[in-house]
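What follows is one structure encoded as structure tokens, with my remarks underneath.
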Amino acid sequence: MTSRDAIALTCYGEARGESLEGRAAVAWVLKNRLTSGRWGHTYEAVATAPHQFSCWNVGDPNRDVLLKKLEAVQSGAVPQDAALNECYWIADG
């Protein structure tokens, strides 16, 4: 998983039903936690740190959704999901 994937998928998993601002807020939380260094030194480490973002917790149904989306993206598929595409746009910003 790349940093871009970690940001986008965390935004998607935590706020896919929210507005653009809500998704962007998740990205800011990730950035702030990365800056603090308390939860890891990469976006991937921060996003998947235990109990930081519920969408990555083992047993959370969102985790399976995210892993399937990640697998599709890594295989070269372009997401056919407007919310996920917007989350990648946020990650690129």
Side-chain angles (χ1 to χ4, degrees):
M1 174 166 46
T2 67
S3 291
R4 181 177 184 252
D5 294 328
I7 295 165
L9 291 169
T10 302
C11 291
Y12 183 81
E14 293 291 321
R16 69 178 166 268
E18 302 296 326
S19 66
L20 172 65
E21 291 81 11
R23 292 184 198 121
V26 173
W28 276 108
V29 170
L30 263 169
K31 183 179 184 296
N32 289 339
R33 289 183 185 178
L34 177 68
T35 300
S36 80
R38 183 174 175 193
W39 294 277
H41 299 290
T42 66
Y43 281 107
E44 303 92 284
V46 172
T48 60
H51 309 294
Q52 294 308 302
F53 293 95
S54 63
C55 64
W56 290 109
N57 291 343
V58 173
D60 189 299
N62 281 312
R63 185 173 186 265
D64 292 335
V65 171
L66 297 182
L67 293 175
K68 287 178 185 174
K69 297 283 185 183
L70 176 60
E71 184 179 322
V73 168
Q74 287 177 333
S75 72
V78 176
Q80 300 299 311
D81 182 315
L84 183 57
N85 286 329
E86 190 173 80
C87 291
Y88 272 101
W89 178 80
I90 291 167
D92 290 338

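Side-chain atoms are counted along with the backbone in the values below, which use heavy atoms only and exclude waters and symmetry mates.
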> For the residue pair Leu30 and Ala6, what are the closest heavy atoms and their distance?
Replying inline: CD1-O, 4.2 Å
> Between Gln52 and Val46, what is the shortest heavy-atom contact and its length?
Replying inline: CB-O, 4.0 Å
>> Quick check against the 3.5 Å criterion: does Asp5 have a side-chain atom that pairs as donor or acceptor with the backbone of Thr2?
In response: yes
>> For a 4.5 angstrom cut-off between non-hydrogen side-chain atoms, does Met1 reach Thr48?
In response: yes
>> Suppose clustering is done on Ile, Leu, Val, Met, Phe, Trp and Tyr with side-chain heavy atoms closer than 4.5 Å. Which residues sit in the same group as Trp89?
In response: Leu20, Ile90
> Can you check whether Arg16 reaches Leu84 side chain to side chain, under 4.5 Å on heavy atoms?
Replying inline: no
> Rounded to the nearest 0.5 Å, what separation is found between the CZ atom of Phe53 and the SG atom of Cys11?
Replying inline: 8.5 Å
> What salt bridge (charged side-chain N to carboxylate O under 4.0 Å, His left out) pairs are there with at least one residue in residues 25-35, not counting sequence neighbours?
Replying inline: none
>> My understanding is that only residues two or more places apart in sequence, or in another chain, count here; which of them pass side chain to side chain donor-acceptor pair (under 3.5 Å) with Glu44?
In response: Ser3
> Taking only residues two or more places apart in sequence or in another chain, which ones pass side chain to side chain donor-acceptor pair (under 3.5 Å) with Asp64?
Replying inline: none
>> Using the side chain to side chain donor-acceptor pair (under 3.5 Å) criterion, which residues pair with Tyr12? Sequence neighbours excluded.
In response: Asp81
>> Tell me if a side-chain donor or acceptor on Glu14 pairs with a main-chain N or O of Ser54 at a distance below 3.5 Å.
In response: yes
>> I'd like to check the side chain to side chain donor-acceptor pair (under 3.5 Å) partners of Ser36; sequence neighbours left out, ordered by chain and number.
In response: none
> Got a sec, which residues hit side-chain contact (heavy atoms from CB on, under 4.5 Å) with Ala8, two or more places apart in sequence or on another chain?
Replying inline: Cys87, Tyr88, Ala91
>> Ignoring hydrogens, what is the shortest heavy-atom contact between Gly22 and Ala15? Give both atom names and the distance.
In response: O-CB, 4.0 Å
> Can you tell me how far CG of Asp60 sits from CG of Leu66, rounded to the nearest 0.5 angstrom?
Replying inline: 8.5 Å
> Got a sec, which residues hit side-chain contact (heavy atoms from CB on, under 4.5 Å) with Leu67, two or more places apart in sequence or on another chain?
Replying inline: Trp56, Arg63
